[in-house]
Amino acid sequence: AQKVTQAQTEISVVEKEDVTLDCVYETRDTTYYLFWYKQPPSGELVFLIRRNSFDEQNEISGRYSWNFQKSTSSFNFTITASQVVDSAVYFCALETSGSRLTFGEGTQLTVNP
Amino acid sequence: DGGITQSPKYLFRKEGQNVTLSCEQNLNHDAMYWYRQDPGQGLRLIYYSQIVNDFQKGDIAEGYSVSREKKESFPLTVTSAQKNPTAFYLCASSTTVYSNQPQHFGDGTRLSIL
């Protein structure tokens with residue numbers, strides 16, 4: 001069985017603060033893929049990043065960065081210098097070979113001006 | 001532009017009524033999915049389809065039905081057997097099932113009970 005836990009249900013920050021969204025996963029498979037999606041108020045899920053289990057390199061894309069640590073089964077997402085437009089629900093998800101995508105319960109991020 | 005179109009955006013159901021949610025994609029994807037999202041919860045899989053004329057139950061299929069007569073279309077019917085249908089419904093597609101490729105999502109349909 002596989003599971004994704006996003007312990008932070010809601011986070012509220014002031015604009016320009018850095019914020020980290022935590023994601024912890026469970027799987028017995030050695031090959032798996034991790035995803036982050038953003039769900040703005042409009043409702044659609046927007047794909048942000050995919051990482052496979054063999055690639056532990058951290059990734060940076062503009063103000064977004066991801067820290068993948070297999071030793072702690074975590075795939076955390078950091079937004080640097082947050083902006084109001086970053087306000088959304090963020091989902092972490094896990095897919096293993098031959099199994100379906102499993103989502104965490106999401107973290108509601110609110111960035112206040 | 002390629003993408004997924006869901007309609008309607010808002011839908012109201014009367015007691016004992018079946019309603020159908022539309023999902024169309026022009027991404028030439030083989031796999032399509034229906035998810036249900038309740039407030040404060042993640043997405044739960046209702047049904048998915050790997051190919052035309054084939055579909056499988058997800059984790060919460062009871063009270064729902066689907067069809068896949070065309071590659072582009074994967075409509076979801078919420079039947080009267082679904083006693084708690086109020087939720088946000090999202091349709092998604094990917095190149096194939098279990099491809100480990102990102103799924104592409106529509107804008108969703110919000111279903112409420114009258």
J.: Does A:Q39 reach the side chain of B:F88, with side-chain heavy atoms less than 4.5 Å apart?
T.: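 Yes. Closest side-chain heavy atoms under 4.5 Å.
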J.: Verify, without hydrogens or angle tests, whether A:Y37 (side chain) and B:Q103 (backbone) share a donor-acceptor contact under 3.5 angstrom.
T.: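 A pair under 3.5 Å: yes.
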J.: Looking only at heavy atoms, what is the nearest atom pair of B:Q37 and A:F91, with distance?
T.: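 Residues B:Q37 and A:F91, closest heavy atoms: NE2-CZ, 3.3 Å.
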J.: Please classify the contact of A:T9 with chain B as side chain, backbone, both or neither, using a heavy-atom distance under 4.5 Å.
T.: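 Answer is neither: A:T9 stays 4.5 Å or more from chain B.
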J.: Got a sec: does the CD1 of A:I60 have more than 12 other heavy atoms crowding it under 6.0 Å?
T.: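 Check fails, neighbour count at 12 or below.
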J.: Determine, using the 4.5 Å side-chain heavy-atom cutoff (strictly less than), whether B:Y89 and B:L11 are members of one ILVMFWY cluster.
T.: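 Result: yes, single cluster for both.
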J.: How far does OH of B:Y35 sit from CG of A:L45, to the nearest 0.5 angstrom?
T.: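 B:Y35 OH to A:L45 CG: 9.5 Å, rounded to 0.5 Å.
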J.: Is there a chain of hydrophobic side chains (I, L, V, M, F, W, Y, each step under 4.5 Å between heavy atoms) that links B:L76 to B:Y33?
T.: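 Different clusters.
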J.: Tell me whether A:L109 is reachable from A:V4 by hopping between hydrophobic residues (I, L, V, M, F, W, Y) whose side-chain heavy atoms are closer than 4.5 Å.
T.: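 Hydrophobic grouping puts A:V4 with A:L109.
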J.: Can you tell me if A:F54 has over 12 outside heavy atoms packed within less than 6.0 Å of its CZ?
T.: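 Yes, because the 6.0 Å sphere around CZ of A:F54 holds more than 12 heavy atoms from other groups.
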J.: For chain A, which residues from residues 44-66 of chain B lie under 4.5 Å away (heavy-atom distances)?
T.: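 Within residues 44-66 of chain B, near chain A: B:L45, B:Y48, B:K57, B:G58, B:D59.
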J.: More than 12 non-hydrogen atoms from neighbouring residues, nucleotides or ligands closer than 6.0 Å to NZ on A:K70, yes or no?
T.: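 Counting neighbours around NZ of A:K70, more than 12 heavy atoms of other residues, nucleotides or ligands fall under 6.0 Å, so yes.
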J.: Can you say whether A:T102 sits under 4.5 Å from chain B via the side chain, the backbone, both, or neither, judging by heavy atoms?
T.: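 Contact with chain B: none, neither part.
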J.: Is B:L90 in contact with chain A via its backbone, its side chain, both, or neither, using a 4.5 Å heavy-atom distance?
T.: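 The side chain, not the backbone.
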J.: Is B:K9 atom NZ crowded by more than 12 heavy atoms from other residues, nucleotides or ligands, each under 6.0 Å away?
T.: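 More than 12 heavy atoms, drawn from other residues, nucleotides or ligands, come within 6.0 Å of this atom.
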J.: Taking B:G106, B:S94, B:A92 one by one, which has the highest count of heavy-atom pairs under 4.5 Å against chain A?
T.: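 Counting heavy-atom pairs under 4.5 Å, the top option is B:G106.
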J.: Among A:Q108, A:R50, A:Q6, who wins on heavy-atom pairs under 4.5 Å with chain B?
T.: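 If we count pairs closer than 4.5 Å to chain B, A:R50 comes out on top.
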J.: Out of curiosity, does A:F35 fall in the hydrophobic cluster containing A:L21 (side-chain heavy atoms, cut-off under 4.5 Å, transitive links)?
T.: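 Hydrophobic grouping puts A:L21 apart from A:F35.
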J.: Hydrophobic clusters here meaning ILVMFWY residues chained together by side-chain heavy-atom distances under 4.5 Å, can you tell me if A:L101 and A:Y32 are in one?
T.: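 No, A:L101 does not connect to A:Y32 through the hydrophobic network.
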